[in-house]
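What follows is a set of notes on a single structure, which appears directly below.
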Amino acid sequence: MAQKLIRITDRDNVAVALESLPQGSVVEVEKSAFTIAANIPAGHKVALEDIAEGESVIKYGYPIGRAKTAIKKGEWVHTFNVKTALSEEAEYTYDEEVAKESVLEMNAKKAIYASSGVPTIKAYERKNGDIGIRNAIWIIPTVGCVNQISKLLEAWGNENLGIEDGVHAYVHPFGCSQLGDDHENTRKILSDLVHHPNAGGVLVIGLGCENNTMDSFKALVGEVDEERVKFMVSQEEEDEVESGKKLLSEIAEVVKKDKRTVVPMSKLVVGMKCGGSDGFSGITGNPLVGRFTNELVAMGGTAILTEVPEMFGAEQVLMNRAESKEVFDEVVDMINGFKHYFTSHGQVVYENPSPGNKMGGITTLEDKSLGCVQKGGRAPVSGVLKYGDRVKKSGMNLLTGPGNDIVSTTVQSAAGAHMILFTTGRGTPLGAPVPTVKIATNTALSEKKANWIDFNAGRLLQEDSDKVLNDFITLLQRIASGEVKTKNEENGYTEISILKDGVVL
């Protein structure tokens with residue numbers, strides 16, 4: 001009998017349908033056959049045993065909620081008969097022995113790369129020792145008032161300057177009329193983008209009367225390569241467009257001289273993101289990214305996992321991999337801080353998943369989160385970053401940020417990610433300022449939206465997992481080396497969004 005269900009761990013009391021299962025069909029899990037009691041869509045869950053009312057529903061080896069009513073073996077398990085078990089309060093513990101196991105496991109993988117050598121990519125080496133995998137010119141407006149000037153100069157630059165990776169203006173509505181943390185968050189994200197190594201050059205454009213004054217912004221940005229980073233205050237120019245063209249031309253002369261050189265893959269900083277998830281996200285796409293994370297960290301590289309609200313219900317899994325008690329405490333602070341962000345606005349922490357997630361087979365936030373955190377593989381957590389922080393140490397870093405796709409890909413880019421691995425079961429065209437690798441969790445999506453999708457992780461359901469992983473790593477090497485553009489780059493889909501929490505004046 002062909003496999004139609006997958007039980008993820010031997011502790012699970014539900015399995016996931018690999019295809020649509022009609023009522024009355026007979027299926028088999030681990031040599032035990034039973035009858036399906038209702039029409040069950042692909043990606044959705046089936047009860048493998050009777051589950052009493054109030055009993056935990058187990059998937060990925062962990063509870064994803066409690067049964068609202070008694071559920072019989074073979075029945076569809078979803079939002080109508082399962083409810084979240086999350087609350088705003090939770091106690092967390094640090095298991096030092098479990099954390100040590102994670103570190104030892106990673107050290108063993110590191111030893112393999114130490115003896116065999118780390119794979120290489122071709123990248124642009126910057127003066128400060130960073131690498132860039134693209135050599136674009138970025139235009140950063142300090143305030144939304146100059147967005148259209150920035151877009152006009154972007155269009156002129158792409159038509160006239162001949163920059164291989166393009167000229168990109170990252171417009172936003174902020175930089176003025178903000179208070180407190182909102183204002184500083186805007187400034188930090190924009191400053192981070194000025195320093196991003198994928199930008200061979202940057203033109204910063206201000207208006208002149210905004211709260212984010214050019215002088216204060218320059219002080220925040222700090223030291224820059226003055227040949228590559230230039231500043232313009234529009235109110236001080238007789239013709240700001242002509243002045244902008246002149247500055248872009250000067251930057252372009254420098255950028256065009258840059259050449260790629262061979263560098264170890266350990267220099268890469270890679271962000272991880274999921275959006276438009278489905279029931280296969282935690283089976284194919286996210287575990288594939290997790291296996292890559294393990295390899296990258298073992299090479300000495302850096303991975304960034306964000307989307308804090310999509311850690312709720314799975315946070316202890318990450319805490320159990322904190323490499324020290326100090327890192328554990330930082331993870332706890334990050335989780336509790338984001339819960340406070342929700343409750344301070346009168347919102348519950350478990351208002352998730354989205355309608356599209358539910359249609360794809362995800363039932364509760366725990367269900368979504370336990371699949372989401374698999375993008376971190378089994379790598380020890382080595383650091384925790386606040387919103388707007390840049391990566392300071394290699395390894396697996398957790399970054400404070402929301403689940404919103406544009407905000408989270410922006411904060412990962414600002415933190416220093418050279419590329420973002422974005423898994424999706426429903427599909428999305430979204431692109432960050434950095435190459436955004438779209439990974440389909442199922443083959444049907446990959447075939448239907450080939451103009452959005454870069455890699456089909458649905459292959460894992462039919463092919464050898466090591467071969468799929470090797471193909472995936474090869475693709476990432478080619479993208480990093482500039483041999484292949486991601487679909488978001490080909491489509492010109494790149495944008496930013498900055499977190500807003502407070503008052504607009």
Between Thr409 and Gln412, is there a side-chain donor-acceptor contact under 3.5 Å, judged purely by atom types and distance?
no
4.5 Å side-chain heavy-atom contact, Val411 and Leu499
no
Between Thr424 and Cys274, is a side-chain contact (heavy atoms from CB on, under 4.5 Å) present by the stated rule, with each step listed?
CA-CA 6 Å; Thr424 180; Cys274 53; over 6 Å; no
Taken to the nearest 0.5 Å, the spacing of Glu75 CD from Phe80 CZ works out to 8.0 Å
Polar side-chain atom of Asp12 near backbone of Tyr60 as donor-acceptor pair, under 3.5 Å
yes
Answer yes if the side chains of Thr423 and Asn286 hold a donor-acceptor pair under 3.5 Å, and no otherwise.
yes
Say you draw a straight line from CD of Glu323 to CD of Glu96; how long is it, rounded to the nearest 0.5 Å?
12.5 Å
Testing the basics here: between Arg291 and Ser465, what is the closest heavy-atom pair and its distance to 0.1 Å?
NH1-OG, 3.3 Å
Between Thr69 and Glu53, do the side chains contain a donor N or O and an acceptor N or O under 3.5 Å apart?
no
CG-CG distance between Asp333 and Asp329, expressed to the nearest 0.5 angstrom
6.5 Å
Anything under 30° is parallel, anything over 60° is perpendicular, the rest tilted; go ahead and classify Trp138 against His196.
tilted
Could you go through Lys487 and Trp452, starting from their C-alpha distance and side-chain angles, then the distance that decides it, and tell me whether this counts as side-chain contact (heavy atoms from CB on, under 4.5 Å)?
CA-CA 6 Å; Lys487 294 299 171 64; Trp452 290 355; 5.5 Å; no
Expected output: side-chain Ser344 to main-chain Tyr341 donor-acceptor under 3.5 Å
yes
Which of parallel (below 30°), tilted (30 to 60°) and perpendicular (above 60°) describes His78 and Trp76?
parallel
For the backbone of Val77 and the side chain of Asn81, can you confirm whether one donor and one acceptor N or O come within less than 3.5 Å of each other?
no
Would Lys438 and Phe455 count as a cation-pi pair here, with the cationic atom under 6.0 angstrom from the ring centre and within 45° of the axis?
no
Does any part of the side chain of Pro402, heavy atoms only, come nearer than 4.5 Å to the side chain of Phe338, both counted from C-beta?
yes
Do Glu366 and Tyr62 have side-chain atoms, one donor and one acceptor, less than 3.5 Å apart?
no
Let me see the working for Tyr92 and Gln316 under side chain to side chain donor-acceptor pair (under 3.5 Å), right down to the final yes or no.
CA-CA 7 Å; Tyr92 304 115; Gln316 188 68 60; over 6 Å; no
With side-chain contact (heavy atoms from CB on, under 4.5 Å) as the test, would you mind laying out the steps for Ile406 and Ile496 before giving the verdict?
CA-CA 6 Å; Ile406 311 178; Ile496 68 169; 5.7 Å; no
For the atom pair CG (Asn320) and CD (Glu315), what is the distance rounded to the nearest 0.5 Å?
10.5 Å
Decide yes or no on side chain to side chain donor-acceptor pair (under 3.5 Å) for Asp501 and His345, but give the supporting numbers first.
CA-CA 9 Å; Asp501 184 31; His345 288 279; 2.5 Å; yes
Establish, from distance only, whether the side-chain atoms of Thr441 and Asp278 form a donor-acceptor pair under 3.5 Å.
yes
Side chains of Lys267 and Pro264: does their closest heavy-atom pair fall under 4.5 Å?
yes
Quick one: do the Thr474 and Asp471 side chains pair a donor with an acceptor below 3.5 Å?
no
May I ask you to decide if Ser394's main-chain N or O and Ser382's side chain share a donor-acceptor pair within less than 3.5 Å?
yes
Criterion side-chain contact (heavy atoms from CB on, under 4.5 Å) on Tyr170 and Glu495, from CA distance to verdict:
CA-CA 6 Å; Tyr170 291 112; Glu495 58 190 310; 5.7 Å; no
If we check side chain to side chain donor-acceptor pair (under 3.5 Å) with Glu105, which of these qualifies: Lys100, Arg378, Lys110?
Arg378
With a 4.0 Å cut-off, would you call Arg134 and Glu489 a salt bridge?
yes
Do Ile6 and Ile283 have side chains that get closer than 4.5 Å, going by heavy atoms?
yes
Tell me if a side-chain donor or acceptor on Arg260 pairs with a main-chain N or O of Ser481 at a distance below 3.5 Å.
yes
Is there a side-chain contact between Gln477 and Pro119 (heavy atoms, below 4.5 Å)?
yes
Given the rule in the side chain to side chain donor-acceptor pair (under 3.5 Å) test, do Glu307 and Ser408 qualify, once you have shown the distances and angles that lead to the verdict?
CA-CA 7 Å; Glu307 301 179 280; Ser408 59; 4.9 Å; no
Answer with yes or no whether the side chains of Asn451 and Asn491 bring together a donor and an acceptor at under 3.5 Å.
no
Non-hydrogen atoms of Val270 and Ala417 that approach each other most closely
C-CB, 4.4 Å
Going by atom types alone, do Tyr113 and Glu295 pair a side-chain donor with an acceptor below 3.5 Å?
yes
Quick one: are Val46 and Leu5 in side-chain contact, heavy atoms under 4.5 Å?
yes
Taking C-beta and beyond as the side chain, do Leu288 and Phe292 meet within less than 4.5 Å on heavy atoms?
no
Donor-acceptor check, side chain of Ser115 to backbone of Ile112, threshold 3.5 angstrom: yes or no?
yes
Could you verify whether a donor N or O on one side chain and an acceptor N or O on the other, from Thr443 and Asn456, lie under 3.5 Å apart?
yes
Please check: side-chain N/O of Asn397 versus main-chain N/O of Val384, any donor-acceptor pairing under 3.5 Å?
no
Looking at side-chain heavy atoms only, is the closest gap between Ser413 and Pro433 below 4.5 Å?
yes
Indicate yes or no for a side-chain donor-acceptor contact from Lys188 to the backbone of Tyr387 under 3.5 Å, with no hydrogens or angles considered.
yes
Approximate separation, where rounding is to 0.5 Å, of Thr363 OG1 and Lys83 NZ
14.5 Å
For Lys273, is there any backbone N or O sitting under 3.5 Å from a side-chain donor or acceptor partner on Lys375?
no
Strictly below 4.0 Å, N to O, side chains only: are Glu30 and Arg7 in salt-bridge contact?
yes
Between CG on residue Asn39 and NE2 on residue His44, distance to nearest 0.5 Å
12.0 Å
Please check if the side chain of Asp405 supplies one atom and the backbone of Gly275 the other of a donor-acceptor pair under 3.5 Å.
no
Please name the pair of heavy atoms, one in Lys73 and one in Asp50, separated by the smallest distance, quoted to 0.1 Å.
N-OD1, 2.9 Å
Does the side chain to side chain donor-acceptor pair (under 3.5 Å) test come out yes or no for Thr364 and Asp367, once each step is laid out?
CA-CA 5 Å; Thr364 62; Asp367 190 0; 5.1 Å; no
